[in-house]
Structure formats: structure tokens, C-alpha cells
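Structure record follows, encoded as C-alpha cells.
Fair warning: this is a prediction, and the values are worked out from it, not measured in the lab. Chain letters run A, B, ... following the sequence lines, proteins first, then strands; residues in each count from 1.
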Number of protein chains: 2
Amino acid sequence: MLSKKTKYAFHALTYLGKHKDEGSVLIQDIAAKHGISHKFLENILLELKKAGFLGSKKGKGGGYYLIKEPRDIPLSRIIRLLDGPIALLPCVSLNYYEACEECEDQVRCGLNKVMIQVRDETLNILENKTLADILDKE
Amino acid sequence: MLSKKTKYAFHALTYLGKHKDEGSVLIQDIAAKHGISHKFLENILLELKKAGFLGSKKGKGGGYYLIKEPRDIPLSRIIRLLDGPIALLPCVSLNYYEACEECEDQVRCGLNKVMIQVRDETLNILENKTLADILDKE
DNA sequence: TATAAACCCTACTTTTTTTATAGGTTTTAT
DNA sequence: ATAAAACCTATAAAAAAAGTAGGGTTTATA
């Protein structure tokens, strides 16, 4: 399951996407709207900023805003940023690969093969669906 | 990611599948083979037994054995038993549904739609692939 | 130029989940 | 009888997730 961090990130991005023509948006507005702790959300927005999705303006009248087009933000990138691997096994992860320590040979591992399939189907969706697709439906 | 519990369960089931013509198998054999803690694995095998996948024989010369055909054990059932939901969001889970509390209306939620797709593609694989498929490849 | 509003940053605490251990009970072959 | 093995429940330890704290920095504006 996705962590709350990731879910909150999606809520925030969606909110920012909806208000992208209104300049910058306050953390507090997003937090209040979705009943998220201000401080927790602050950390998340900071991560999204450092990763290049958001820009911000400090000081009075400041706030956050999208600096990428929604269609250029694949869902997979947000999930990986906040939650880490999308794959169900470390030995199948493209971005966070690790060998399974209790496994003697992943080449002959039947589970490995199935999980590669699951990963590919999942990524096929999550790499191609973007923030824009989410915004469309709301 | 799948928990260790689930991974260990798959190792155990695979081991039991490979040795299904040799009567019962000791917890200790499986644990030693994969470097798993005996006691931890014991709990897992007990769960698998209670769920109807394994049988056991107590006392000296006892052990565990499969009571279902490998082709009748879909991977999804093992994952759900040990790890819970397969879906990425509670509001999209078939077996463990819960509303997302920070979400005002899941019907108009764009993320919900995408995650239903992911769930369906994932389940399409995990419900149809069984222990037999894993055994084949090893 | 003082003030208040807002983001920035790091560290810490709390809670929850996962992983593992402990220790006895019951059953059964020999 | 004895030893080997599964059965059962509770607890502990470790790790991860969620949330909090508090001061630092920047900036609009009066």
C-alpha cells in the first residue's frame, strides 16, 4: 500500500494543479483542505521541491506552485520519491535493486519471473499516467 | 514490497512442493535451507496450515506437507494471507476495502481510477499464477 | 526599517508494523 | 519412558512510518 506521505503528496499536487493559475498556494491551505498536519505536509512539499516538481516563494505572500506541466509528472516518479520501490521484490526493482539474501539464485527463481511481470504491468500504467490524468477526472 | 513473512511463505511452499512425494518435511529443514529463523518460520507454517494449504503430522517423524495441489494455490491468496491487501490504496482493495479518510469523494478521485487499473492488472497475474508456475521454473 | 508571514532545515519523538524470540503444551514413534 | 516434533500464546526488539518542535531565513508591506 502507498504510505500516507505519498497519498498526501498526490493530494498536494492535485491541489496545486487545480490552482496553478492563481500564483502560489499556502501549505496551510492544502493542509486544511485535506486535514493533514501542517508540519508533516511541509516536509513533503520540501521533498517535492528538491526533486524539481515544485517551486516556492518565501516570505509574506509566498507559497508553492507547480513548475512542471502536470502531463510531465508521471505517477511513478512521485511514488518512487516518497515511498521507494514500486516492485514487489527487491530483486525485481529497476531503481532500488537488491538481491534477496535468502535466495540462492534469482535466475532460477520462479517468483522472480512472476514479479517481473507484475512490475512491468504496473509500470506500464504508472509511468504513462501523469498528474494531468488525475486532474482530468476531478 | 512483500514482507519477509510472505517471501518466507513462498520459499516454504516451494520447498514443500519440491518434496511433496517424500512425506512430511521438518520446519528445521526449510529454515536451514533458506537461513530463516526456525521459530519465525514455525509461525508462518502454522498460518498456512490454518488457512488450509498445509497439513501436518505431530510427534517424532512428523512435519509439514502440502494438502492442496500447487496449481490450486494462486499467489494472490498467499500474499493476502500474510501481507494483507494487494491494492495500492485502501479505497481500491477488494478484500480489505476502507475509505481514504482524507479524501472527500472517491467517486471523483482521479488517483482512485488509476489504482483500480493497477489493481486489476496485478490481480490478473497473481490470481492466475499459482505455486505450480513457480515450481515449473525452478 | 520593523514586523509579520511564509518557507527552510534539522532533529527529535511517538506510534505502528514487522521481525524475531521465549517458553511451555501436546502428540507420537520408538 | 523418552525424545522429537508440531502447537500455541505472549512478549520483546527492531525498523519504519507518522508526526512534532523550534529556530533560521526571506520578503512584502506598513
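Here C:dT27 is the nucleotide among C:dC8, C:dT27, D:dC8 with the atom lying nearest to any side-chain atom of B:K58. The side chain of A:K4 sits closest to D:dG19 out of D:dG19, D:dC7, D:dA6. Nearest to the side-chain atoms of A:S37 among the listed nucleotides D:dG19, D:dC7, C:dC7 stands D:dG19. Looking at the side chain of A:K60, the nearest of the listed nucleotides D:dT27, C:dT10, C:dT19 is D:dT27.
Using a 4.0 Å heavy-atom cutoff across all strands shown, A:K50 reaches sugar-phosphate atoms only and no base atom. In this structure, A:L45 reaches neither bases nor backbone, as no heavy-atom distance under 4.0 Å exists between it and the strands shown. Residue-level contact check: A:Q28 touches neither bases nor backbone, having no heavy atom under 4.0 Å from any strand. Base engagement by A:K39 is indicated by at least one non-hydrogen atom pair under 4.0 Å involving a base atom.
Remark: the B:N43 side chain and the C:dT19 base include no donor-acceptor N/O pair separated by less than 3.5 Å. One donor-acceptor pair, N or O on each side, does fall under 3.5 Å between the base of C:dC8 and the side chain of A:E42.
In this structure, the CG atom of B:L46 is 16 Å from the C1' atom of C:dT21, given to the nearest Å. The NZ atom of B:K7 sits 14 Å away from the P atom of C:dT18 (whole-angstrom rounding). Nucleotide C:dT17 holds its C1' atom 16 Å from the CG atom of B:L2, rounded to whole Å. Regarding A:K5, its NZ atom lies at a distance of 10 Å from the C1' atom of D:dA16, rounded to whole Å. Across the protein-nucleic acid pair, A:L16 atom CG and C:dC7 atom C1' stand 14 Å apart, rounded to whole Å. For the pair B:M1 CE and C:dT18 C1', the interatomic distance rounds to 14 Å; values are reported in whole Å. As rounded to whole Å, 13 Å separates atom C1' of D:dA5 from atom OH of B:Y65. Remark: P of D:dA6 and CG of B:L48 are 14 Å apart, rounded to the nearest angstrom.
Annotation: side chain of A:F10 is in contact with side chain of A:I79 (closest heavy-atom distance under 4.5 Å). Side-chain contact check for A:P70 versus A:T130: every heavy-atom pair is 4.5 Å or farther apart.
Close to C:dC8, at under 4.0 Å from its OP1 or OP2, lies a side-chain N or O of A:Y64. An OP1 or OP2 oxygen of D:dA18 is reached within less than 4.0 angstrom by a side-chain nitrogen or oxygen of A:S3.
Toward the 5′ end of DNA chain D lies the nearest nucleotide of B:V25, the other residue of the pair A:L41 and B:V25 mapping further downstream.
One distance of note links NE2 of B:H34 with CD of A:E101; it measures 13.0 Å at 0.5 Å rounding.
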TODO: Quick one: do A:E47 and A:K50 satisfy salt bridge (charged side-chain N to carboxylate O under 4.0 Å, His left out)? Show the steps, please.
DONE: CA-CA 5 Å; A:E47 271 198 84; A:K50 286 180 181 164; over 6 Å; no

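Here the two rings, on B:Y15 and B:H11, have centers that are 6.0 Å apart or farther.
B:E69 and B:K20 are joined by a salt bridge, as a carboxylate oxygen and a charged side-chain nitrogen come within less than 4.0 angstrom of each other.
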